[in-house]
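Heavy-atom basis, side chains included; hydrogens, waters and symmetry copies ignored. FYI, the numbering just counts along the sequence from 1. Since the model is a prediction, treat every value here as computed from it, not as a measurement.
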Amino acid sequence: MNTKYIFVTGGVVSGLGKGITAASLGRLLKNRGYKVTNQKFDPYINVDPGTMSPYEHGEVFVTNDGAETDLDLGHYERFTDENLTKYSSVTTGRIYSEVIERERRGDYLGKTVQVIPHITNAIKEKVYKFENTDVDIVITEIGGTVGDIESLPFLEAIRQIGLERPEHDVIFIHVTLLPYIYGSNELKSKPTQHSVKELQSIGIKPDILVCRAEQDINDSIRNKLALFCNVRKEDVIQNKTVQDLYEVPLMLEKEGLAHRVCEKLELDDKPNNSSWEKMIDNIKTLEDENVCIAIVGKYVKLEDSYLSVVESIKHGGFANGIKVHIEFIDCEEITKENAEDKLKKYSGIIVPGGFGNRGIEGKIVTIEYARENKVPFLGICLGMQMAVVEFARNVLGYEDANSEEFDETTEHPVIHIMEDQIHIAQKGGTMRLGAYPCNILENTVAKKVYGKETISERHRHRFEYNNKYREEMENKGLICSGLSPDGKLVEIVELKNHPYFIGVQFHPEFQSRPDRPHPLFVNLVKNAIKKNK
């Protein structure tokens, strides 16, 4: 079968759920037996979001092969349970960088380099990367909204693909808004009409409209949209607001989205959503046992900064049959004097990753509170490193202990850059990025949690545990329970005589799925339930 291509564009306003629509469609097509992959094209000029503040674009999601990508790839992976790659995340910055590099090498043989054909050809190359692979369907989301100057080259590229491929191998889905005007008590179709008109002026005719609306779309509105937007009535799909994010695939199934996609792409339409339906039924019957877990971080003013962590906690709740309450605490507000007042209500604490020294002391105080008060704790990346610093200061007695990231002159750099870091970090210069193996020691909490000897987890960090302190820390009770295969890199630490105190150098949240929760979060929630009783 020819590779099929689905392009998802957005109109009227941003934030309508293009990413969730693309992810949900991926799940529905996978449930029909097709091998699906997702892509995101972002119009910003940054090469990737790796250097962007989380307040700008939410979390940076990392793939197995070490690509720093947009958070929408997290949605794609959680919904489809397919591991994506660097080819799934494309930005204007990356495209222009590659084209300029080719021009400098002389690849264009002296030609004038232009947006068309050189930039658009480079974009199309990214889409066609999946030709002659096991992928049946490529779903590509175009970031931004139609009418933005930044996204024009991407729209032009996908217009060309629509002409280059056979008629039944490409479809365009346009996600748009039907605002409800409370004064007149009606949905308004005009913004969608204008958005479709803008798309058609570029040369793209949408095959399906996915309309976000707070009220049901009646036949009158559907007929009007069909007439003025040049689509069939059955291709006007309502995108309703649902109780839980993971219900969206089933809601879109009922609306007929996947069925119409299969008809247009001439695909067999044999859905099997039973396992997803069972999962949603379980989510709807979760017990509320008032278990509250705190995320203590520095980017808490934008919850998307910790999106995968939040979703992973929810997944841990699904596995334990409860709804978990999640609250954010700004680590800059935590001090030794107020730690008990601010933290005593929580049944579990997570200190997530981050960069820079702002709020570090608040994280250390938080970890000390969790350690001394037997509160179930999970430290992720920087959270693990600060757990090591806290232990060195308050148990080993090294008051100036720190990470070299924050104090290059400390006499006790319990976290440092290793001398042979460069040859270790094949994927990211001096930063370890992507999936690395880890061996778990016998008779440890980590072994009980994972239930296996070797794991693979995704990393995004530069600094490492200083092995010079390993023996001393282990003698005092902070055990190194997960190591790189060569034994040089400490990947997991855990505290003896504590119900659940684990720090991990990697980011387990990137591999958690609603129907396959990550065991570190499952066990954090399990121990939080015990703490709450």
Trp276 vs Pro249 side-chain heavy atoms within contact, under 4.5 Å: yes
Ring geometry between His412 and Tyr398 (parallel below 30°, tilted from 30 to 60°, perpendicular above 60°): parallel
Glu404 bridged to Arg462 by N-O distance under 4.0 Å: no
Residues Glu68, Arg460: salt bridge by 4.0 Å N-O rule: yes
Nearest-0.5 Å distance that lies between atom CG in Asn357 and atom NZ in Lys298: 6.5 Å
Pairing of Arg94 and Asp48 as salt bridge, 4.0 angstrom limit: yes
Under 3.5 Å donor-acceptor, Asp400 side chain and Glu411 backbone: yes
Residue Tyr44 excluded, over 12 heavy atoms near OH under 6.0 Å: yes
Between His325 and Tyr346: side-chain donor-acceptor atoms closer than 3.5 Å: no
Residue pairs, two or more places apart or on separate chains, that pass salt bridge (Lys or Arg N to Asp or Glu O under 4.0 Å) and touch residues 302-328: Glu311-Lys314, Glu327-Lys345
Check: Ser512 side chain, His518 main-chain N or O, donor-acceptor pair, under 3.5 Å: yes
Ionic contact status for Arg393 with Glu361, cut-off 4.0 Å: yes
Side chain to side chain contact (heavy atoms under 4.5 Å, CB included) evaluation trace for His315 with Phe521: CA-CA 8 Å; His315 303 164; Phe521 292 94; over 6 Å; no
4.5 Å side-chain heavy-atom contact, Tyr76 and Ser88: no
Point-to-point distance, once rounded to the nearest 0.5 Å, from CG of Asp42 to CD of Glu141: 7.5 Å
SB check Asp81 Arg516 (cutoff 4.0 Å): yes
Backbone of Gly144 reached by a side-chain donor or acceptor of Lys18 within 3.5 Å: yes
Whether Phe510 and His507 hold their rings parallel, tilted or perpendicular, with breakpoints at 30° and 60°: parallel
Check: Ser89 side chain, Lys86 main-chain N or O, donor-acceptor pair, under 3.5 Å: no
Spacing of Glu494 atom CD and Leu441 atom CG [to the nearest 0.5 Å]: 9.0 Å
Whether over 12 other heavy atoms sit under 6.0 Å from Lys30 NZ: yes
Audit row: Asn64, Arg458, side-chain hydrogen bond (donor to acceptor under 3.5 Å, both in side chains) steps and yes/no: CA-CA 6 Å; Asn64 272 344; Arg458 301 180 191 178; 2.8 Å; yes
Approximate separation, where rounding is to 0.5 Å, of Thr140 OG1 and Asn38 CG: 8.0 Å
Asn532 and Ser347: side chain donor to acceptor below 3.5 Å: yes
Residues, nucleotides or ligands: over 12 heavy atoms within 6.0 Å of Lys476 NZ: no
N/O donor-acceptor pair under 3.5 Å between Glu56 side chain and Ser53 backbone: no
Test side-chain hydrogen bond (donor to acceptor under 3.5 Å, both in side chains) applied to Asn273 and Glu253, step by step: CA-CA 9 Å; Asn273 295 316; Glu253 181 73 271; 2.7 Å; yes
Main-chain N/O of Ile45 paired to Thr92 side chain as donor or acceptor, under 3.5 Å: no
Other residues, nucleotides, ligands: >12 heavy atoms within 6.0 Å of Lys129 NZ: no
Derivation and outcome, side chain to side chain contact (heavy atoms under 4.5 Å, CB included), residues Met473 and Tyr465: CA-CA 11 Å; Met473 290 209 182; Tyr465 181 106; 3.7 Å; yes
Charged N-O contact under 4.0 Å between Glu442 and Lys448: no
Test item: Ile313 and Ile295 side chains (from C-beta on) under 4.5 Å apart, heavy atoms: yes
NZ/NE/NH1/NH2 to OD/OE distance under 4.0 Å, Arg102 and Glu125: yes
Donor-acceptor contact below 3.5 Å, side chain Asp244 vs main chain Tyr246: yes
Glu399 atom CD: more than 12 heavy-atom contacts under 6.0 Å: no
Donor on one side chain, acceptor on other, Asn394 and Glu390, under 3.5 Å: yes
Donor-acceptor contact below 3.5 Å, side chain Gln511 vs main chain Ser456: yes
Atom CG of Asp288: over 12 foreign heavy atoms under 6.0 Å: yes
Flag side-chain contact, heavy atom, 4.5 Å: Val175 against Val8: yes
Salt-bridge criterion met for Glu77 and Lys40 (N-O under 4.0 Å): no
Inter-residue atom distance Gln39.CD - Thr69.OG1, 0.5 Å rounding: 12.0 Å
Counterpart residues, ring pair (Phe, Tyr, Trp, His ring centres under 6.0 Å), relative to Phe406 (two or more places apart): none
Between Asn272 and Asn31, a side-chain donor and acceptor under 3.5 Å: no
Check: Cys480 main-chain N/O paired with Glu474 side-chain donor or acceptor under 3.5 Å: yes
Sidechain N-carboxylate O distance under 4.0 Å for Glu98, Lys126: yes
Distance, nearest 0.5 Å, that separates OH of Tyr436 from CZ of Phe506: 14.0 Å
Enclosure of Glu287 CD (heavy-atom neighbours >12, cutoff 6.0 Å): no
Short side-chain to backbone donor-acceptor contact, Thr3 and Glu131, under 3.5 Å: no
